[in-house]
Amino acid sequence: MLTLLAGMLLLVAGTARDEAPVVPAHRQASHATIITINGPIDSMTVQSVRRRLADAVDEGSDAIVIRLNTPGGELMSTLELCRMLKEDAPANTTAWISPHAFSAGTIIALACRSVVIQPGGMFGDSAPVSPLGPIPQAERAKLESPILTEVIDSARRNHRDERLVQAFVSVGVELWLLRNTATGERICVDAGEYEAIFGEAPPSTIPSITPSTQLEGAGEDVLTPFFEQFSAPTAGAAPSDLSSMMQRPSSRPRLGSDDADEWELVEQIVSNDRLLALTPGQGRDYGLVDGFVGDEAEMKRFLGATIITTRDRSWSEALTSFLVSWPVRLVLIVIFIVGTFIEMAAPGTGVFGAG
């Protein structure tokens, strides 16, 4: 009887151990705070996140989760949010893509130490755009430069592949995935590094989405990464290497012919005529996603947290963000112009003048 009871106790203890998540020390948390970012990112988003981050730190949170569902936003607001996460937040930061984080959302996610994603989500496609139409090449280079510097710094801080994150931002970054035959480690290489390793040009398996007429003549300038034109490559480095722009050292050395026996081709990641966007499985395979999280209970287990709280933006911040949005601004401008015209047509102060 005692033997049977002892066996049952051991079985229960073993089951409990199996269910308990093993959380790495670098992301183990006691009190985690989720800060939500929904919709376009602007200066009001920065003010709101700053307030909620300060409140979370004051309450003793030792982990910050940025829950992202955004199509993108303003460049300067994005860079300020990245600075806050790197300098003002606790070291234990996690980006929770739930379900989508495109453009600015991806840049913010990369600034966090860990990245998790909701099943069925997607992220990437972070090139700068303009509502006024196509951006001339020189202006695009000026806009891309701080974004590339930011994402590469984030990659080096958090031990991600810096070549991969460039493909989120610039058209013309063409990458292949290699796997170490002994360790299973995966890395991303460009065409120059691939040829230096294997002595031949890499295979192109992703169909082009650019019409062939645009790939000749003037179109070549559009597809050429801006950093090939604005920075001189150092000896032994590929033209697309931005190491000279960064103070933080590169996360890995470039490979050469001596490494050919240790690596094998897995697949082409991105072609030179498109921007990189990833599904959860691709993000995990490429080393950018640390886990899949569908709800707060799973996030709590991911962090090993005892307490987890959520801080949404206040109603006043939501109202202010709505009032300063461009559609509302345009409506108010139209009302102002119409009201002014009516007042000028009908002398005297009336309803339109007050409006």
Side-chain angles (χ1 to χ4, degrees), residues 37 41 65-73 78 81-82 85 93-129 144 147-148 150-179 184-191 194 202 204-210 225 240 242 251-252 265-294 298-299 302:
I37 297 179
I41 295 168
V65 178
I66 304 296
R67 187 170 187 174
L68 294 159
N69 182 24
T70 174
T78 300
L81 286 172
C82 292
L85 289 170
T93 55
T94 298
W96 182 8
I97 300 171
S98 175
H100 303 119
F102 294 112
S103 193
T106 296
I107 298 169
I108 294 169
L110 293 174
C112 296
R113 175 185 285 181
S114 302
V115 177
V116 297
I117 187 170
Q118 177 180 314
M122 186 176 289
F123 65 108
D125 193 359
S126 302
V129 296
E144 285 185 348
I147 301 175
L148 281 166
E150 171 60 39
V151 298
I152 294 174
D153 177 70
S154 295
R156 293 180 180 178
R157 283 174 180 264
N158 300 312
H159 308 289
R160 302 187 182 106
D161 198 303
E162 64 193 63
R163 292 163 180 80
L164 185 63
V165 299
Q166 293 178 39
F168 287 132
V169 180
S170 290
V171 174
V173 178
E174 195 170 19
L175 297 174
W176 287 261
L177 183 67
L178 302 185
R179 178 174 51 223
E185 177 189 1
R186 297 187 175 199
I187 62 171
C188 302
V189 298
D190 56 21
Y194 184 98
S204 295
T205 58
I206 298 179
S208 174
I209 60 174
T210 305
S240 59
L242 289 179
S251 56
R252 72 167 178 85
L265 174 66
V266 178
E267 62 185 7
Q268 184 179 12
I269 297 174
V270 62
S271 61
N272 65 355
D273 61 347
R274 66 184 71 194
L275 293 166
L276 183 64
L278 300 178
T279 62
Q282 290 172 325
R284 176 197 57 198
D285 293 342
Y286 299 161
L288 296 180
V289 170
D290 301 291
F292 305 143
V293 173
E298 292 181 6
M299 177 59 72
F302 177 80

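Quick note: residue numbers are just sequence positions, from 1. Only this structure's heavy atoms are used, side chains among them; waters, hydrogens and symmetry mates stay out.
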Heavy-atom nearest pair, Ala95 first then Ala109, reads CB-CA, 3.5 Å
Hey, is the main chain of Thr94 close enough, under 3.5 Å, to the side chain of Ser114 for a donor-acceptor pair? no
Check: [Y] and [X] side chains under 4.5 Å, non-hydrogen atoms:
X      : Y      : result
Ile147 : Ile107 : yes
Leu148 : Ser170 : yes
Leu275 : Ser126 : no
Leu177 : Cys188 : yes
Asn158 : Leu110 : no
Pro71  : His100 : no
Ile206 : Arg274 : yes

Sequence neighbours left out, cut at 3.5 Å: what donor-acceptor pairs do the side chains of residues 280-287 make with other protein atoms?
from   : atom 1 : to     : atom 2 : distance (Å)
Gln282 : OE1    : Thr279 : N      : 3.1
Gln282 : OE1    : Thr279 : OG1    : 3.3
Tyr286 : OH     : Glu267 : OE2    : 2.6

Which residues pass the salt bridge (charged side-chain N to carboxylate O under 4.0 Å, His left out) test with Arg179, sequence neighbours left out? Glu264
Leu178 vs Leu265, side-chain contact (heavy atoms from CB on, under 4.5 Å): CA-CA, chis, key distance, verdict: CA-CA 5 Å; Leu178 302 185; Leu265 174 66; 4.0 Å; yes
Take Phe302 and Val65 through the test side-chain contact (heavy atoms from CB on, under 4.5 Å) and record every step on the way to the result. CA-CA 11 Å; Phe302 177 80; Val65 178; over 6 Å; no
Please lay out, stage by stage, how Val173 and Arg163 fare under the test side-chain contact (heavy atoms from CB on, under 4.5 Å). CA-CA 8 Å; Val173 178; Arg163 292 163 180 80; 6.0 Å; no
